[in-house]
Amino acid sequence: MKKIDFKKELNKEQYGVVTAGNGPHLVLAGAGSGKTRTLVYRAAWLIEQGVRPEKILLLTFTNKAANEMIERVRKLLSIKNNDKFPLWGGTFHSVANRLLRIYGKQIGIQSDFTILDRDDSDKLFKTIGKELFKNISAKNKPAPALLRETISFANNSKISIEESLEHKFPEWLPLLAYFEKVATEYKRRKKESNVLDFDDLLLEWKVLTAHPDVAKIFAKKWEYVLVDEYQDTNVIQAEIIFNLSREHKNILAVGDDAQSIYSFRAADIRNILEFPDKFKNCQLHKLETNYRSTPEILNLANQIIADNGNQFKKNLKAVKDSHTRPELVALRSNLEEAWFVADRVDQLLDRGMNAKGIAVLFRAAHHSQALEMELNKRGIAYEMRGGLRFFERAHVKDVLAYLKVLGNFRDEVAWLRILEMYEGIGPVTAQQLYRRIVEIKDIKELPDSKIELASKAGNSWSKIMEIFTRLIRSEEQNVGKLLNIIINPYGDYLSEKYTDYRQRQDDLDQLVIFASEYEALDLFLHEISLQETFSGREGRQEDGGNIVLSTIHQAKGLEWDAVFVISMTDQSFPHPLCVREEEKEEERRLFYVAATRAEKYLYLTYPLSMFRYDGHKSLKASPFIVDLDSNLFQHNELSRGVTYASDGVEYVVDEDYKESDDNGFLPDASDW
DNA sequence: AGATTTACTATTTTT
DNA sequence: TAGTAAATCT
């Protein structure tokens, strides 16, 4: 095994964390301080010290982050690809998923469930809402997502539905009784369907870690627990961590309170603030050197966050050389904004920058629409993150529903989804059918069941039975081949329902390729609901990769040479629904996260008007921008007025703007 | 009664 | 665009 020169490869702060002894540690890591690097080296150091890799548990915010870290540890230790390397980890949810299946049986909790993702939860809430809210007028009916959010928030922060409702949607408090009724029924239906939703995964894992027998097994299993992005954990997750490290106390939590952006999902900043109280003899480390950004970008970021009251004081220092200041640009409309960004991207690419070094970030997924059209028009390849993910697309969910039923016969949401696709079967008939279907003991008896329906619906039912008969009778193990049985007849439905069916068919082809890697249906089903990275349409991969379009939330932890933050208007940032002071502070932290993604070039843009279905709307700069000292920017277009011409070619109207182009704030090829 | 079509409206962030 | 509600079919 190669010896790593930890002292040489890390700075003093990082070295302190990496070589920290046993016991609880809290690491307050600023943006760009090499947090991931530090965790990777920590794992490598432990292994060099003789800790077996399988004794380390790595908990991260995405599975992708975990996989990348593990790869880096492997490389660092020069472990060959085909050598076994049992270090593992992932998100709380995916780890919970695996553990519940293994250890659930031991203490008598569900272990053969399928997973209900967000969309499925909404479907179930919708069904239940319709049943229970029948006598309430349409306008006064809470949407399924609203029910789900309220109940989920209560679960994840250990508060009552009433408190949750008061916090999230106080205007709905008069309907409290209904929320509670729906919550009870939702729980019952999940149990009947043998499914767990995202909340259940955490809650059940917590039950598992609290059980004396299992707790002992876990304490032995992992001697070291490393948790990344600790600022975005919720109360349940903090309890899980506490239980996991109860015996050995070897917990290392890394986080940045200034980057806490998930409180809508019950992430609780108190987890970090109160960590030292909860874990006695905890050592506190700080990583305050910023390796990512230029001093100009860091200055801006520091001022963005300075106004926030509730935070650990950190003093981030830049080590990079001075470069140009961030640029602030006002455009006349969202279309011009798209042209501007596309032009700039073109220029950056022309001058030799790698496409994968460029990202465009925004507050909400739909802010990218105009830009996407413009990039498509110009043939600039991009990768879209945020918004609807692959496994959430309607057609993908449609075909997967058959597999879900095959894997878990009682899955109500999957059954309703299938049934309602067919002619003559609507919500009512589907529900009746489902009730009769679950009376059957085993899926193998389904083809022989005597369920019959009148004319049109009857025809549909035999079509459904035909597919299931083929699925059940086929001895096929390969999931790709199973999928083909479904996709062949589904194709007709697809082309009938969607005008863009060609593209959707492509998605399904991708899905078959992905599924062909799996020889066991169970494993496939378990993984897809928690898979956040597979994007389906990979597109043409250009040599230098693709530029990235992403919501700010999904950009967490990532970095690029050049970052555009678009749609920085008063109507989108902070989001207008954020009224409470603490909500505004979180929005400011979100802005901070966006700005600190940039290494060298940062552009903030905002349109002064927006075209919408109902005409056009006037916009102003985000108050967050107005608050900032204009000297921080290369240009302050606020005081200068409109800059961009709409023909999409002659875009430099403002003289200063042109001049500055020559000042070198646009990179030369020699810059990288 | 229940399915299907049509018209309308409102748009956060997600493991 | 996507989800919902009213209007119209079967």
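Since this is a predicted model, take the numbers as computed values, not measurements. Order of the sequence lines sets the chain letters (A, B, ...), proteins ahead of strands, with each chain counted from 1.
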*Asks:* Please tell me which of the listed nucleotides, B:dT13, B:dT15, B:dT14, lies nearest to the side chain of A:Ala364?
*Replies:* B:dT13
*Asks:* For B:dT14, does OP1 or OP2 lie under 4.0 Å from any side-chain N or O of A:Thr551?
*Replies:* yes
*Asks:* As a test of reading the structure: which of C:dT4, B:dA3, B:dT15 is closest to the side chain of A:Pro144, going by heavy atoms?
*Replies:* C:dT4
*Asks:* What is the ring orientation for A:Phe153 with A:His167, classed by angle as parallel under 30°, tilted 30 to 60°, or perpendicular over 60°?
*Replies:* parallel
*Asks:* If you assign each of A:Leu590 and A:Val428 to its closest nucleotide in DNA chain B, which residue comes earlier from the 5' end?
*Replies:* A:Val428
*Asks:* So which nucleotide from B:dG2, B:dT15, B:dT13 ends up closest to the side chain of A:Gln432?
*Replies:* B:dG2
*Asks:* Base, sugar-phosphate, or nothing for A:Ile261, non-hydrogen atoms under 4.0 angstrom?
*Replies:* nothing
*Asks:* Does C:dT4 have its OP1 or OP2 closer than 4.0 Å to a side-chain nitrogen or oxygen of A:Lys126?
*Replies:* yes
*Asks:* Check for me whether A:Arg101 meets the cation-pi criterion with A:Phe113, that is, NZ or CZ under 6.0 Å from the six-membered ring centre and within 45 degrees of the ring axis.
*Replies:* yes
*Asks:* Nearest to the side chain of A:Thr91, which nucleotide is it out of B:dT15, B:dT14, B:dG2?
*Replies:* B:dT15
*Asks:* Report the residues that fulfil side-chain contact (heavy atoms from CB on, under 4.5 Å) with A:Ser263, sequence neighbours left out, ordered by chain and then residue number.
*Replies:* A:Glu586
*Asks:* Ignoring backbone atoms, test whether A:Gln554 places a side-chain nitrogen or oxygen under 4.0 Å from the OP1 or OP2 oxygen of B:dT13.
*Replies:* no
*Asks:* Given B:dG2, B:dT13, B:dT14, which nucleotide is nearest the side-chain atoms of A:Thr429?
*Replies:* B:dG2
*Asks:* May I ask you to say what A:Phe92 touches in the nucleic acid, namely base, sugar-phosphate or nothing, with a heavy-atom cut-off under 4.0 Å?
*Replies:* nothing
